[in-house]
Amino acid sequence: MRALSGLTRLVGFGLSMVLLALASLVLIPVMIRSAGEAGWGAIALGQGIGGLGAVLVSYGWAMSGPTEIARGDDATRLAEFLGSLKVRAVMLPAAAVVLVPITMAIAPVRGDLAAMGTVATTLTALSTNWYFVGLARPYLLLVLETVPRLAFTIVGIVVMENGADAIAGLAWQSVGLVAAFACSTWWILHSLRAGGSVTARAPKLRQLLLDHRHGVASSLGSALYSSLPIVVVTVVAPLVQPMYALVDKLHGQVVVGLFPAVYVAQGWVPRAADPGPRARKVLLGGIAFCALIAVGAVLFGPWLLEVLGSGQLLPGLAVVELMALGMALHFYAEIVGHAVLATYRRLRIVTVSIVIATVVGLPLVALGAANWGVLGALAAVNLGYLIRVLITAVAAHRAIGRHLPADGEATPVLGEVVG
């Protein structure tokens, strides 16, 4: 029965992520037809920078939130959610004001498309999927968040296919994100306060920022390492940027589409009195799963890239192989960080691994892109992912061996509960 329950949750979360990932992939050739290769490059640049904004605005709840929701009672969950609302209300406008001008300044063409890509992607920080992951309620996530997002994305695709500029498609996508946030927030607050007995307040903003600093540092670092390479390639090798943007987008969407496996592990590992055996299974099972990711990417990558590039961008086999390796390494680093190190509250190690990967990898991205184009950039990015995997895997083994699920230097991310 436990195996069946886990499979049901995996299918539920998987359905949401696959639908959203497919919609995002379908958008790519539609945007290329609507805005051209250069316009697509501007959108991808904006999405990359917007990804950084989204991580900053969500402020680590995607990393630490599921564990705390899974462990907490209703009062704790209410305080946790209210805290997330308080932080996002401050961070969202601040991020938009800072990042949109930067995007427009960097974009070589169509600064308006780049800016709208930044806004649309930053709005993904409104997602409350971490709350439903903690509850292990995937079908509520599907109804309350996935369906509104998918519906408005489809509207955007239709209007672009009927001659509208790509900026209209991005605008409809943004409307879907806001609608999903409204639906999810209403349900969460209504369900927690329905009986009238649960009351809570979030801590002061300063305390929330301090409590979540390790989670946001690790999440932001991961987003930086995923997003900055396209900025570097845009600056040092603008001619190969559209091709790199296509490969990078497929990489990102595949990893996002596979995140239901991470979600299930996030809710499964910390529920045990001794999370060690479950954490070991995640470490070993993750290796096999990532090998399958790489094989699948090599087999189906060429066809996917041809379709997504609308026949205008055609990478070679070596590019596909490097993309496949990067997907596998990236996913393993994420599942170890989210499911194992978050359980043992060792998110500082995730941050350290990303800092080292960034310091080593990004200069090599610039060197590789300038001299060897897409191949050089991908090889450098993959080296950074390998560094992350090695550091986090070693730290995870040590945390499991010590049988210490908590760390005094990384306190649980909980709001103050009253009432």
Side-chain angles (χ1 to χ4, degrees), residues 8-9 12-17 19-20 54-92 122-152 174-205 207-209 211-212 215-216 219 259-260 262-264 266-268 270-271 338 342 412-419:
T8 301
R9 289 195 294 269
F13 286 125
L15 185 58
S16 286
M17 300 308 296
L19 287 173
L20 292 175
V55 172
L56 183 61
V57 173
S58 60
Y59 210 77
W61 262 275
M63 178 75 77
S64 60
T67 299
E68 303 306 333
I69 297 301
R71 288 172 168 164
D73 57 14
D74 282 352
T76 299
R77 289 168 179 170
L78 179 57
E80 195 72 21
F81 185 69
L82 291 176
S84 78
L85 292 180
K86 179 182 288 189
V87 171
R88 284 182 287 180
V90 173
M91 289 293 191
L92 183 59
T122 301
L123 286 174
T124 60
L126 295 176
S127 173
T128 54
N129 59 2
W130 55 271
Y131 188 93
F132 296 105
V133 169
L135 290 182
R137 300 288 298 274
Y139 295 101
L140 270 175
L141 173 66
L142 177 67
V143 172
L144 296 170
E145 181 164 309
T146 304
V147 170
R149 289 180 61 177
L150 186 62
F152 283 99
S174 300
V175 173
L177 288 162
V178 175
F181 170 72
C183 292
S184 298
T185 299
W186 174 85
W187 184 89
I188 292 169
L189 296 179
H190 178 75
S191 65
L192 290 174
R193 289 172 166 168
S197 59
V198 176
T199 59
R201 63 177 176 86
K204 293 181 179 180
L205 180 64
Q207 187 61 46
L208 286 167
L209 297 178
D211 286 345
H212 286 261
V216 72
S219 297
F259 242 73
V262 176
Y263 292 160
V264 172
Q266 274 184 297
W268 179 62
R271 289 180 187 274
H338 282 75
V413 189
L414 299 175
E416 296 176 2
V417 181
V418 294

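All figures in this text were calculated on a predicted structure; none of them were measured in a lab.
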Working to the nearest 0.5 Å, report the span between CG of L192 and CD of E80. 11.5 Å
Would you say the side chain of L189 lies within less than 4.5 Å of the side chain of L78, judging by non-hydrogen atoms? yes
With side chains defined as the heavy atoms from C-beta onward, is the minimum distance between L19 and L142 less than 4.5 Å? yes
Quick one: pull up OG1 in T185 and CG in L126 and give me the separation to the nearest 0.5 Å. 8.0 Å
Taking every heavy atom of T122 against every heavy atom of V57, the minimum-distance pair comes out as CG2-CG2, 4.2 Å
Any chance you could measure R149, atom CZ, to T124, atom OG1, to the nearest 0.5 Å? 6.5 Å
Got a second to check how far I69's CD1 is from L135's CG, nearest 0.5 Å? 6.5 Å
Let's go through F152 and V178 carefully: what are the C-alpha distance in whole Å and the side-chain angles of both, what is the deciding distance for side-chain contact (heavy atoms from CB on, under 4.5 Å) to 0.1 Å, and is it a yes or a no? CA-CA 10 Å; F152 283 99; V178 175; over 6 Å; no
So, S184 side chain and F181 main chain: donor-acceptor pair closer than 3.5 Å or not? no
Between OG1 of T146 and CG of N129, what distance do you get to the nearest 0.5 Å? 8.5 Å
Report yes or no: do S16 and E145 form a side-chain donor-acceptor pair below 3.5 Å? no
I'd like to know whether W187 forms a side-chain contact (heavy atoms from CB on, under 4.5 Å) with T128, so could you lay out the CA-CA distance, the side-chain angles of the two residues, the decisive distance to 0.1 Å, and finally the verdict. CA-CA 11 Å; W187 184 89; T128 54; over 6 Å; no
Can you tell me how far the CG atom of L140 sits from the SG atom of C183, to the nearest 0.5 Å? 12.0 Å
With under 30° as parallel and over 60° as perpendicular, where do the rings of Y131 and F81 fit, or are they tilted in between? perpendicular
